Trainee: 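Shown below is the structure under consideration.
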Amino acid sequence: MKLSRTFAVALAALALGAVPAVAVAGGHGKSGAPGQNKTTTNATPNTPSTTSSQTKAFGKYCQNESKTQVAGQKGTAFSQCVVALAHANNNPKTTARAACAAMSRKHVKGQGKGTAYSRCITAVAKLRS
């Protein structure tokens, strides 16, 4: 009788140890979705409007803008252009004129063709095409 009692206790311990392993193998972790455990879920959040490749593209479109700070202006011409492109990209109803409204409309000698405003308008057009 003593042997069967020991056998029953060992069998019960084995069964209790196997239940969590079966539950994990079945795929019902705390996430609630079958086949996914907390450790295997995708931890990167989905961004709705911009991705890293689009963010890099804004700088590519604005590479001809000046990166030197001008007294009295908020940011550099490059940063203003990047912000304007981001606004134009995030809200398709925004016109290029509205997105680039903060840019300077004054000609600067030695600063390439056009004004910062006109180069921004061109960059928004290239972005949207």
Side-chain angles (χ1 to χ4, degrees):
M1 190 85 153
K2 195 171 195 178
L3 181 63
S4 64
R5 187 180 295 167
T6 307
F7 181 71
V9 170
L11 187 60
L14 183 63
L16 288 175
V19 171
V22 172
V24 171
H28 296 291
K30 290 193 176 197
S31 65
Q36 290 184 347
N37 294 333
K38 260 192 160 178
T39 57
T40 60
T41 58
N42 189 2
T44 56
N46 294 330
T47 54
S49 58
T50 60
T51 62
S52 62
S53 63
Q54 290 174 334
T55 305
K56 293 177 185 176
F58 297 153
K60 182 71 174 169
Y61 290 122
C62 298
Q63 68 184 358
N64 58 352
E65 296 293 334
S66 173
K67 293 180 183 172
T68 54
Q69 181 68 40
V70 177
Q73 281 192 348
K74 197 173 188 180
T76 64
F78 177 79
S79 67
Q80 289 176 350
C81 179
V82 169
V83 168
L85 287 178
H87 285 299
N89 186 50
N90 290 340
N91 189 0
K93 292 182 180 180
T94 302
T95 63
R97 184 179 281 187
C100 298
M103 303 295 289
S104 172
R105 291 182 174 89
K106 292 184 180 181
H107 288 275
V108 178
K109 285 188 178 182
Q111 186 61 37
K113 291 184 175 181
T115 64
Y117 175 78
S118 66
R119 289 190 297 268
C120 179
I121 296 288
T122 305
V124 170
K126 288 179 182 177
L127 176 72
R128 290 185 173 169
S129 64

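What you see is a predicted model, and the numbers here were worked out from it, not measured in a lab. If you read the sequence from its start, that first residue is 1, and numbering goes on from there. The figures here come from the full heavy-atom set of this structure, side chains too, leaving out hydrogens, waters and symmetry mates.
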Trainee: With sequence neighbours excluded, tell me which residues meet side chain to side chain donor-acceptor pair (under 3.5 Å) with Thr122.
Mentor: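 Here no residue qualifies.
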Trainee: Got a donor-acceptor contact below 3.5 angstrom from the Arg128 side chain to the Ala88 backbone?
Mentor: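 It does hold such a pair.
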Trainee: Please name the pair of heavy atoms, one in Ala84 and one in Cys120, separated by the smallest distance, quoted to 0.1 Å.
Mentor: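 What the structure gives for the nearest pair is CB-SG, 3.7 Å.
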Trainee: Do you know the tightest heavy-atom contact between Glu65 and Ala77?
Mentor: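 Closest heavy-atom pair between Glu65 and Ala77: OE1-CB, 3.6 Å.
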Trainee: For Arg105, what residues pass the side-chain contact (heavy atoms from CB on, under 4.5 Å) criterion, not counting sequence neighbours?
Mentor: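 Tyr117.
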Trainee: Within the distance-only criterion (no hydrogens, no angle test), does the side chain of Asn90 pair as donor or acceptor with the backbone N or O of Ala86 below 3.5 angstrom?
Mentor: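 Side chain of Asn90 to backbone of Ala86: a pair is present.
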Trainee: Enumerate the side-chain hydrogen bond (donor to acceptor under 3.5 Å, both in side chains) contacts for residues 79-88, please, sequence neighbours excluded, ordered by first and then second residue.
Mentor: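 Passing the test, one end in residues 79-88: Thr76-Ser79.
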Trainee: Output all residues satisfying side chain to side chain donor-acceptor pair (under 3.5 Å) with Ser104, sequence neighbours left out; order by chain, then residue number.
Mentor: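 In terms of side chain to side chain donor-acceptor pair (under 3.5 Å), with neighbours along the sequence ignored, Ser104 is linked to no residue.
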Trainee: Using the test side chain to side chain donor-acceptor pair (under 3.5 Å), find all partners of Asn91 that sit at least two apart in sequence or belong to another chain.
Mentor: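 With sequence neighbours excluded, Asn91 shows a side chain to side chain donor-acceptor pair (under 3.5 Å) to Thr94, given in chain and number order.
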Trainee: Same cluster or not: Phe78 versus Ile121, using hydrophobic residues (I, L, V, M, F, W, Y) connected whenever any side-chain heavy atoms lie under 4.5 Å apart?
Mentor: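 No.
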Trainee: Could you give the distance from NZ (Lys106) to OG1 (Thr115), rounded to the nearest 0.5 Å?
Mentor: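 It is 12.0 Å, given to the nearest 0.5 Å.
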Trainee: State which residues pass side chain to side chain donor-acceptor pair (under 3.5 Å) with Thr68; sequence neighbours excluded, sorted by chain then number.
Mentor: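 Expected list: Ser66.
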Trainee: Scan Gln63, Met103, Arg119 and name whichever one has a side chain to side chain contact (heavy atoms under 4.5 Å, CB included) with Cys81.
Mentor: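 The residue from Gln63, Met103, Arg119 that satisfies side chain to side chain contact (heavy atoms under 4.5 Å, CB included) with Cys81 turns out to be Met103.
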Trainee: Quick one: are Tyr61 and Val124 in side-chain contact, heavy atoms under 4.5 Å?
Mentor: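 A side-chain contact under 4.5 Å is absent here.
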